[in-house]
There are 2 protein chains.
Amino acid sequence: MGEITHVIEKFKKYLGNISAYQEALMLIHWDMRTKIPQKGVEQRSEVAGLLGEKIHKLETSDEMKYYIDAVKESSTDPLLLKIAEVCEENYERNRKIPTEEYRLFIMAQTKSEAVWQEAREKADFRLFQPDLEKLMDFNRKFATYWGYEDNIYDALLHNFEPGVTTKMLDEVFPRLRKSLLNLLTKITNSSNQPNPALLQNHFPKKDQEAFTKKILEQMGYDFQAGRLDETIHPFAIALNKNDVRITTRYDEQDFRMAVFGTIHEGGHGLYEQNIDDRLMRTPLATGTSMGIHESQSLFWENFIARSQSFWETNYDLFLQYAPKAFQQVDRDQFYHAINEVKPSFIRIEADELTYSLHIMIRYELEKLLINNDIQVKDLPALWNEKMKDYLGIVPPSDKEGVLQDIHWAGGDFGYFPSYALGYMYAAQIYQTMNQQLDIESIVKSADFTKIKQWLGTSIHQYGKVKNPLEIIHDVTKEPLNPDHLICYLQEKYATIYQF
Amino acid sequence: MGEITHVIEKFKKYLGNISAYQEALMLIHWDMRTKIPQKGVEQRSEVAGLLGEKIHKLETSDEMKYYIDAVKESSTDPLLLKIAEVCEENYERNRKIPTEEYRLFIMAQTKSEAVWQEAREKADFRLFQPDLEKLMDFNRKFATYWGYEDNIYDALLHNFEPGVTTKMLDEVFPRLRKSLLNLLTKITNSSNQPNPALLQNHFPKKDQEAFTKKILEQMGYDFQAGRLDETIHPFAIALNKNDVRITTRYDEQDFRMAVFGTIHEGGHGLYEQNIDDRLMRTPLATGTSMGIHESQSLFWENFIARSQSFWETNYDLFLQYAPKAFQQVDRDQFYHAINEVKPSFIRIEADELTYSLHIMIRYELEKLLINNDIQVKDLPALWNEKMKDYLGIVPPSDKEGVLQDIHWAGGDFGYFPSYALGYMYAAQIYQTMNQQLDIESIVKSADFTKIKQWLGTSIHQYGKVKNPLEIIHDVTKEPLNPDHLICYLQEKYATIYQF
């Protein structure tokens with residue numbers, strides 16, 4: 001008994017070291033995206049590389065394996081066993097990839113991002129094609145090393161959404177797609193179209209920032225454990241639960257970018273800030289998956305901040321910060337305008353309804369690629385074809401088409417589905433919450449404490465203790481189910497577009 | 001031959017690792033002083049501790065010793081030999097302190113800073129006395145471990161100003177003191193007193209910042225390799241030569257704080273930005289000592305930015321940013337006011353003349369303490385006595401007296417002399433530069449390129465390749481010599497105060 005206690009102490013210290021290196025690395029990443037002077041980037045990248053290597057070594061060392069085995073053999077503490085399980089999975093998956101191959105992959109990835117940037121600027125997919133082929137090959141090999149039961153794509157999905165399979169996606173996506181297209185037709189045919197031009201007034205950055213901070217405070221985002229900065233590509237990053245930083249981007253001609261963007265990142269931030277203290281300095285001290293994370297950001301951005309009740313309460317506050325022209329915009333016009341649905345080329349600018357269609361296009365192409373059912377060179381044509389089928393529009397060039405996202409250039413395949421899963425999860429969570437809380441009256445009170453606490457108790461506190469589908473099942477007593485999203489959208493848009 | 005090349009490659013990689021950890025640690029320090037949210041401090045301190053430990057281990061490892069010996073035995077490359085020399089000194093000094101004792105020192109240090117803060121707030125030295133006694137004991141023991149030839153204080157001086165000895169300071173300080181006191185009397189008795197109240201006009205922060213940035217650009221501070229932030233205690237920090245950050249503090253009632261403070265930190269920044277590329281990722285890639293660093297900041301702050309020629313050129317620029325009230329202040333009044341000499345209690349607020357007197361008080365007390373010639377408990381009375389002797393004033397309480405500086409609370413003894421050395425070095429450097437360049441006409445041209453280049457070639461590029469006295473000797477062909485500072489001050493104040 002004494003000996004295992006000693007081993008566990010050492011294991012905890014070992015994990016503490018890993019999380020310290022990770023925290024240092026996270027700070028470097030945050031700094032590189034927000035504050036670093038241009039000339040500092042080169043050497044800082046080296047430092048990041050060295051820290052990453054160090055972490056990788058610690059996660060795949062014999063010492064790590066020794067601790068994992070010791071805990072599995074001798075401990076009955078469920079938390080410790082879960083930690084060992086997560087460490088073991090990490091250990092196994094990393095050890096399966098030969099070091100040299102991984103090194104080549106990292107190099108290919110770094111090069112590819114630069115090539116992609118150039119290709120995108122020139123709107124010329126052929127420039128990027130050879131790199132993308134290489135990255136696809138690496139992914140195919142890695143997926144084979146990791147193994148899978150059914151579809152090779154499952155091995156990639158596992159990196160972002162453990163437990164979710166190609167089979168599950170092939171069941172839910174077509175259902176969702178059908179309903180979305182059906183809704184889209186009704187919306188397009190509606191005579192009650194919004195006027196988003198009403199929203200485009202010069203809105204000084206500092207006023208947008210002041211308003212958004214008020215909303216973040218309403219949500220319960222803790223500024224003593226976080227901060228808000230400005231970046232071109234907004235993000236949230238948790239150095240640890242007591243230092244969770246978010247960033248946003250201001251468009252002085254269109255406040256929607258910053259206001260909804262900040263609330264979105266604030267949702268990610270709230271998740272990380274409310275993880276159980278007991279998980280600190282362990283690999284469980286972060287959100288359980290990309291999809292559950294996205295469910296939290298989308299919950300706040302759409303289900304709360306694009307709702308009628310939210311603006312019933314907050315429109316007066318908004319008007320205190322907004323330019324005078326908004327005094328002429330009545331609340332209903334405003335509410336309708338911020339909920340405009342309109343097929344567009346760029347995923348990150350898509351509305352709540354069409355967003356998932358963008359995802360399905362990417363998912364289908366990724367799946368075909370990894371299964372060798374299509375070739376990388378066919379992507380641009382297939383992309384445009386699917387855009388036509390799903391959204392009824394064809395991008396003018398690859399820049400607004402297949403080259404728009406950085407994910408593939410970063411070697412990330414299997415990531416995109418998480419975004420659509422986030423929408424479905426959020427709708428499921430919302431539906432359950434609404435049975436237990438009177439969301440509408442809470443939102444109208446502008447005191448979100450009860451919602452924040454509910455999310456904290458049901459989801460945030462667990463970190464990686466539960467996997468994404470466990471979270472969804474424990475909260476909603478259901479498996480993944482797209483119907484709640486469909487119902488929510490149906491109801492929302494039927495009112496707005498009057499069909 | 002092949003084998004030593006291989007060992008050297010490994011040594012370089014090893015040093016690169018150390019400098020990567022140091023860079024990560026520096027970023028943590030910068031962030032903790034500028035951006036971190038309050039609740040993040042606790043865990044970030046742990047991370048900093050772990051990284052510090054890691055660096056310490058690498059610097060004192062058997063592997064390090066192996067590389068040092070290999071280079072010393074087999075290499076003839078002077079740069080590599082210098083690197084090995086610096087590593088060896090570090091290795092030896094660190095190994096001489098028993099790990100457990102060092103750990104206790106770090107703990108005592110951390111605790112002491114908190115105690116000091118409370119003692120200072122309450123203006124009660126007795127609260128701090130026991131901690132200070134402990135830290136003094138540690139320093140006395142460490143100094144004994146490190147060894148010294150003449151005076152135990154030399155062992156401490158060596159940490160901050162290698163090569164400078166107690167004997168040297170005991171020669172120069174009394175000479176300097178006598179001249180300063182003599183000058184101070186003349187200044188105090190002068191009937192031509194400045195009117196610093198003229199300078200106290202509400203000057204919005206953003207305008208101060210804009211003006212200061214213009215001056216930093218004139219100096220050649222590279223914003224692509226640095227940035228300017230706001231902190232309570234201004235500092236400069238080099239993550240590497242391509243990312244050298246400075247901070248400043250704004251007082252909207254008194255622009256001098258930010259303007260001269262930023263130029264001062266900019267001088268530190270220029271030093272680090274202009275170290276030779278070949279030294280990167282080695283322990284030589286930083287300023288050679290605290291004193292030489294201070295000579296660079298003081299050179300710009302005082303010798304340049306408090307000179308008449310500087311304001312001849314820049315006063316119009318200043319007026320473009322300054323509040324309207326300054327239109328009524330003529331340039332001579334302005335120049336006189338920014339060069340006011342007046343004995344005051346607080347070192348960091350002291351003028352160019354009295355500053356060194358503050359330093360001598362601290363130096364004398366430190367030297368007596370470490371030699372056991374006085375007791376810690378006697379400090380407040382002795383402090384006040386010396387203030388009376390040197391500056392003619394007695395602080396109203398220990399808060400404005402012996403408790404004002406953080407250095408002792410941080411366990412740093414032997415640090416203070418560097419500040420006064422910085423003044424003397426700067427004057428020596430200025431004098432030599434003035435023989436080779438027409439400083440006055442360069443300053444009047446507002447294009448400081450030639451000065452920046454001269455400092456780069458003579459001082460900055462060398463990093464730690466030369467020790468401080470080598471730098472001074474190579475540049476000025478003289479040893480440490482206080483006369484240049486004395487002459488400079490004599491000449492400057494005779495003009496201003498008309499004696």
Side-chain angles (χ1 to χ4, degrees), chain A residues 13-14 16-32 34-55 57-58 206 221-229 237-246 269 272-273 277 280-281 285, chain B residues 13-14 16-32 34-55 57-58 206 221-229 237-246 269 272-273 277 280-281 285:
Chain A
K13 206 178 155 198
Y14 192 83
N17 273 322
I18 295 178
S19 88
Y21 288 124
Q22 272 165 340
E23 189 162 326
L25 187 54
M26 292 288 216
L27 182 61
I28 289 173
H29 285 153
W30 174 81
D31 187 71
M32 285 182 82
T34 55
K35 308 288 176 192
I36 199 170
Q38 192 185 319
K39 291 185 185 169
V41 171
E42 196 183 322
Q43 186 160 332
R44 194 67 34 80
S45 306
E46 280 178 38
V47 174
L50 279 168
L51 283 173
E53 225 179 279
K54 178 80 192 167
I55 293 163
K57 270 186 195 161
L58 289 170
K206 69 171 181 19
Y221 175 82
D222 183 355
F223 274 100
Q224 295 206 310
R227 47 178 293 127
L228 175 63
D229 292 274
I237 192 167
L239 292 93
N240 66 63
K241 65 164 284 185
N242 291 316
D243 187 356
V244 182
R245 305 179 183 194
I246 61 179
E272 295 285 338
Q273 284 184 339
D277 280 342
M280 285 180 85
R281 302 175 195 78
Chain B
K13 206 177 155 199
Y14 192 83
N17 273 322
I18 294 177
S19 88
Y21 288 123
Q22 271 164 341
E23 190 162 327
L25 186 55
M26 292 289 214
L27 181 61
I28 288 173
H29 285 153
W30 174 80
D31 187 70
M32 285 183 83
T34 55
K35 307 288 177 193
I36 198 171
Q38 191 185 322
K39 291 184 184 169
V41 172
E42 195 183 324
Q43 186 160 330
R44 194 67 34 78
S45 306
E46 279 178 39
V47 174
L50 279 168
L51 283 173
E53 226 179 280
K54 177 81 192 166
I55 293 164
K57 270 186 195 162
L58 289 170
K206 70 169 180 19
Y221 175 82
D222 182 356
F223 275 100
Q224 295 207 311
R227 46 179 291 127
L228 174 63
D229 293 273
I237 190 167
L239 292 91
N240 65 63
K241 65 164 284 187
N242 291 315
D243 186 356
V244 182
R245 305 179 182 193
I246 61 179
E272 295 285 337
Q273 284 184 340
D277 279 342
M280 284 180 87
R281 302 175 195 79

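Since we're looking at a predicted model, the values are computed, not measured. Order of the sequence lines fixes the chain letters, A, B, ..., with proteins taken first and strands second; residue numbering starts at 1 for each chain.
Atom CD1 of I28(A) sits about 8.0 Å away from atom CD1 of I28(B), to the nearest 0.5 Å. Atom NZ of K35(A) sits about 7.0 Å away from atom CG of D229(B), to the nearest 0.5 Å.
For Y21(A), the part lying near chain B is the side chain, with the backbone staying farther off; criterion is any non-hydrogen pair under 4.5 Å. Contact of E23(B) with chain A is made through the side chain alone, with heavy-atom distances under 4.5 Å. Proximity to chain A (any heavy atom under 4.5 Å) is restricted, for L50(B), to the side chain, taken from C-beta onward. If you measure heavy-atom distances from K241(B) to chain A, you find no contacts under 4.5 Å at all.
Counting only heavy atoms from C-beta outward, the side chains of L239(B) and R44(A) approach each other to under 4.5 Å.
Nearest heavy atom pair, residue G40(A) against residue N240(B), reads O-ND2, 4.5 Å. When all heavy atoms are compared, the tightest approach of A24(A) to L51(B) is CB-CD1, 4.1 Å. Nearest heavy-atom pair across Q224(B) and P37(A) is O-CB, 3.4 Å.
Residues passing the side chain to side chain donor-acceptor pair (under 3.5 Å) test with E46(B) are R281(A), sequence neighbours excluded.
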Discussion item. Is there a side chain to side chain contact (heavy atoms under 4.5 Å, CB included) between D222(B) and K39(A)? Walk through the geometry before answering.
Written reply: CA-CA 10 Å; D222(B) 182 356; K39(A) 291 185 185 169; 2.4 Å; yes
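Between R227(A) and D31(B) no salt bridge is recorded (no basic side-chain N to carboxylate O distance below 4.0 Å).
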